[in-house]
Amino acid sequence: MDRIKRLSYEVLVDHKSKFGEDFANNKKALDQISIIRSKGLKNEIAGYITKFIKKEIREEKFKQSRIESSRVEEQVDEEIQSQAPETVTEVTPEEKIE
């Protein structure tokens, strides 16, 4: 694992609630949490954290939409089953034609 990912994960383990989808706000939060003298390194870490948070949010929305669609499908199936008349048909043996 490269240095940017490792440092980002180390920061996120303890301070995940301070970060969001906005790069500038993530840079400010990173300044408050740690001391990073290199501007480029700070930007890369903040950028990776931003990308990571956005990906998590996108995946969570996708999961929620799949859960909702499965609920809707179950409701439709239940409605179809409740509307279908339960009829029993007798099967009679066919008569032989001579």
Side-chain angles (χ1 to χ4, degrees):
M1 184 180 298
D2 70 337
R3 181 173 75 159
I4 304 302
K5 287 182 183 180
R6 182 180 52 82
L7 292 171
S8 299
Y9 286 131
E10 287 177 10
V11 170
L12 284 172
V13 166
D14 296 327
H15 306 283
K16 189 172 183 175
S17 62
K18 295 182 180 182
F19 295 99
E21 294 183 79
D22 185 40
F23 173 75
N25 291 339
N26 288 345
K27 256 176 55 171
K28 290 176 186 175
L30 198 57
D31 279 336
Q32 294 171 356
I33 293 168
S34 61
I35 298 171
I36 302 174
R37 292 194 175 116
S38 169
K39 180 180 179 181
L41 181 61
K42 183 186 341 175
N43 286 343
E44 286 187 50
I45 292 172
Y48 186 81
I49 289 172
T50 303
K51 184 173 94 171
F52 181 80
I53 297 291
K54 283 183 178 182
K55 181 181 173 188
E56 276 191 338
I57 292 171
R58 188 173 50 246
E59 288 174 353
E60 185 63 32
K61 286 180 182 178
F62 179 71
K63 286 178 186 177
Q64 291 298 326
S65 68
R66 287 191 56 148
I67 290 170
E68 282 297 317
S69 67
S70 67
R71 286 181 185 161
V72 169
E73 287 176 9
E74 288 174 4
Q75 289 175 350
V76 169
D77 289 342
E78 288 174 3
E79 288 176 8
I80 291 172
Q81 289 176 357
S82 66
Q83 291 176 357
E86 294 183 22
T87 58
V88 178
T89 57
E90 288 187 30
V91 178
T92 57
E94 296 180 6
E95 295 179 15
K96 290 184 183 180
I97 301 177
E98 292 181 31

Compile the donor-acceptor pairs under 3.5 Å between side chains in residues 46-54 and protein atoms, sequence neighbours left out, one pair per line.
{"unit_1": "Tyr48", "atom_1": "OH", "unit_2": "Tyr9", "atom_2": "OH", "d": "3.2"}
{"unit_1": "Thr50", "atom_1": "OG1", "unit_2": "Asn26", "atom_2": "ND2", "d": "2.7"}
{"unit_1": "Thr50", "atom_1": "OG1", "unit_2": "Ala46", "atom_2": "O", "d": "2.7"}

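- For Arg71, the side chain to side chain donor-acceptor pair (under 3.5 Å) criterion is met by Glu68, not counting sequence neighbours.
- Taking CZ of Phe19 as the reference point, atom CG of Leu30 lies at 5.0 Å (rounded to 0.5 Å).
- Here Asp22 pairs with Ala24, Asn25 under the side chain to side chain contact (heavy atoms under 4.5 Å, CB included) rule; sequence neighbours left out.
- For Ile67, the CD1 atom sits in a packed shell: over 12 heavy atoms of surrounding residues, nucleotides or ligands are nearer than 6.0 Å.
- The line from CD1 of Ile36 to CG of Leu7 is 7.0 Å long, rounded to the nearest 0.5 Å.
- When the side chain to side chain donor-acceptor pair (under 3.5 Å) test is applied to Glu44, no partner is found at least two apart in sequence or on another chain.
- Atom CG in Leu12 sits 13.0 Å away from atom NZ in Lys5 (nearest 0.5 Å).
- Sorted by first then second residue, the salt bridge (charged side-chain N to carboxylate O under 4.0 Å, His left out) pairs that include residues 23-34, not counting sequence neighbours, are Asp31-Lys42.
- Between the CD atom of Gln32 and the NE2 atom of His15 there is a distance of 10.5 Å, given to the nearest 0.5 Å.
- Partners of Val13 by side chain to side chain contact (heavy atoms under 4.5 Å, CB included), not counting sequence neighbours: none found.
- Pairs engaging residues 56-67 under the salt bridge (charged side-chain N to carboxylate O under 4.0 Å, His left out) rule: Lys16-Glu56 [sequence neighbours left out].
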